[in-house]
J.: 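I have a structure here, written as structure tokens, and I will follow up with some questions on it.
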Amino acid sequence: SLSRYNYEVYHSLDEIESWMHYMNHTHPHLISMFSVGKSYEGKPLHVLKLGKNGTKKKAIWIDCGIHAREWIGPAFCQWFVKEAVSAYNRDPSMKKILSIFYIYVMPVFNVDGYHYSWTTDRFWRKTRSKNRRYNCHGVDANRNWKVKFSEEGASLNPCDDTYCGPYAESEPEVKAVAQFIYKQRKHIKAYLSFHAYAQMLLYPYSYQYDAIPNYHCVESAAYDAVNAIRSAYGVRYQHGPASSTLYMSSGSSMDWAYNIGIPYAFAFELRDTGYYGFLLPESLIKPTCTETMLAVTKIAMHLLKKC
Amino acid sequence: HSYSNRYAGDKVIRIVPKNDVEAQELKNLYRQLQVDLWHPSSISSIWTDTLTDVHVSRNSSQVLLTYLRNANVQHEILVDNIQKVLEKQSVSRAPRNRR
């Protein structure tokens with residue numbers, strides 16, 4: 001029963017969609033649900049909009065599950081929504097955040113791939129698009145954005161896991177989200193994307209080693225966020241520019257968001273550092289999500305300060 | 001069996017190439033064996049000291065492990081049998097289905 005939804009287990013796409021409808025119906029004053037489009041296989045791309053109603057409010061965008069096999073991402077997005085609405089009347093910080101910001105939460109970005117990872121290939125990463133000219137399915141949805149498309153760190157081979165696609169925004173999922181965020185870019189102050197695994201908090205750029213113009217503000221927000229993560233269970237996250245902290249890549253959503261003017265763009269690589277990797281046990285969902293919640297709240301509070 | 005037992009005997013192996021020669025030989029071997037690279041996400045990101053986690057099938061794992069031992073390349077088996085880990089996870093899920 002959805003009233004006793006278990007946030008400490010992994011859920012199938014159907015269960016997550018039912019849960020979204022349920023949260024939309026049971027929290028009308030804080031949550032609304034809409035779709036930004038359809039996936040390659042025709043599945044709806046649902047987004048939950050959190051926050052008190054208001055006009056010309058600033059916003060934060062959160063997406064999970066760009067890569068299908070990274071199941072801890074969607075688990076965190078659901079955890080975030082549950083915590084945010086339950087903390088609204090209990091936690092002054094969350095009340096302030098939801099009063100000042102709309103927070104768009106997309107629990108499963110790559111809906112086709114996620115469903116495929118539940119039914120057929122647990123370690124699928126890409127979307128499920130198919131180009132008649134090639135045998136292999138799918139594009140890496142984090143190499144398909146219009147920023148340095150198909151350059152270093154992306155593959156032009158359709159059978160590779162980091163295949164960037166035939167052209168930028170070729171994937172309907174990427175195109176739909178990009179169009180929505182682009183329309184809202186004046187309101188959106190932070191873009192957060194959740195991945196696994198490496199225990200890192202990354203910010204632009206991925207495609208070059210130059211520092212971003214507002215480096216000091218972004219670095220201080222990231223520093224506070226990883227300290228918040230460590231305060232929970234002592235887990236250490238690295239943080240820094242993605243190109244030097246993780247590896248060079250091009251066409252990522254984080255760089256695209258930053259380049260269209262969103263001042264704070266982060267990519268979280270959640271637990272762990274490889275012991276379980278993509279097979280993070282359900283027993284670790286709660287601690288992972290609890291510490292990550294502190295980091296997101298820290299970043300949101302940072303947005304309220306002048307920097 | 002979850003996923004029709006397709007991961008029986010598959011392993012996840014962590015390898016850290018000590019020098020450029022090892023890194024290049026690993027890249028070639030990964031391509032040849034068509035491993036599923038978990039970390040980093042692209043073979044082109046593998047250099048000296050790059051921590052690589054690869055998911056290999058049961059058959060390929062024997063070839064890869066033999067090479068690593070003979071070439072004295074530093075490695076660690078992170079998951080010895082992926083199917084068993086998956087079965088364990090799906091056990092926690094099964095009761096929910098029954099409800």
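Labels below follow one simple rule: chain letters A, B, ... track the order of the sequence lines, proteins then strands, and each chain is numbered from 1.
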J.: For the rings on B/Y7 and A/F123, is their centre-to-centre separation under 6.0 Å?
T.: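 Judged by ring-centre distance (under 6.0 Å), B/Y7 and A/F123 do meet the cut-off.
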J.: Taking non-hydrogen atoms and a cut-off under 4.5 angstrom, which of residues 57-81 of chain B neighbour chain A?
T.: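 If one takes a 4.5 Å heavy-atom cut-off, the residues of residues 57-81 of chain B near chain A are B/L78, B/V79.
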J.: For the ring pair A/H11 and A/Y5, is the centre-to-centre distance below 6.0 Å?
T.: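 So the answer is yes for these two rings.
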J.: Is it the side chain or the backbone of B/S42 that comes within 4.5 Å of chain A heavy atoms, both, or neither?
T.: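 Contact with chain A is through both the backbone and side chain of B/S42.
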J.: Can you tell me if A/T127 and A/D112 form a side-chain donor-acceptor pair at under 3.5 Å?
T.: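 Side chains of A/T127 and A/D112: no pair found under 3.5 Å.
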J.: Measure across A/P107 and A/M20 and return the closest heavy-atom pair with its distance rounded to 0.1 Å.
T.: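 Heavy atoms only, the tightest pair is CD-CE, 3.5 Å.
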J.: In terms of side-chain geometry, is the basic nitrogen of A/E291 or A/R271 positioned less than 4.0 Å from the acidic oxygen of its partner?
T.: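 Salt bridge present between A/E291 and A/R271.
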J.: Determine whether the aromatic ring centres of residues A/H195 and A/F268 are separated by less than 6.0 angstrom.
T.: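 Not under 6.0 Å, so no.
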J.: Rounded to the nearest 0.5 Å, what separation is found between the OG atom of A/S39 and the CZ atom of A/R128?
T.: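 Between atom OG of A/S39 and atom CZ of A/R128 there are 11.5 Å.
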J.: Quick check on A/Y275 against chain B: is it the side chain, the backbone, both or neither that has a heavy atom closer than 4.5 Å?
T.: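 When you check distances to chain B, only backbone atoms of A/Y275 fall under 4.5 Å.
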J.: So for A/T120, is it side chain, backbone, both, or neither that comes closer than 4.5 Å to the heavy atoms of chain B?
T.: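 A/T120 touches chain B through backbone and side-chain heavy atoms alike.
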J.: With a 4.5 angstrom heavy-atom cut-off, could you sort out which part of A/S249 is near chain B: side chain, backbone, both or neither?
T.: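 Neither part, no heavy atoms under 4.5 Å.
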J.: Count the heavy-atom pairs under 4.5 Å between each of B/S4, B/P40, B/S2 and chain A, then report the option with the highest count.
T.: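 Option with the greatest count: B/P40.
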J.: Which bit of B/L37 comes within less than 4.5 Å of chain A, counting heavy atoms only: side chain, backbone, both or neither?
T.: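 B/L37 touches chain A through backbone heavy atoms alone.
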J.: Does any backbone or side-chain atom of A/D121 lie under 4.5 Å from a heavy atom of chain B? Answer side chain, backbone, both or neither.
T.: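 Looking at A/D121, backbone and side chain both touch chain B.
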J.: Among A/R122, A/R69, A/R125, which residue meets the salt bridge (charged side-chain N to carboxylate O under 4.0 Å, His left out) test with B/D36?
T.: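 Going through A/R122, A/R69, A/R125 one by one, the salt bridge (charged side-chain N to carboxylate O under 4.0 Å, His left out) with B/D36 is satisfied by A/R69 alone.
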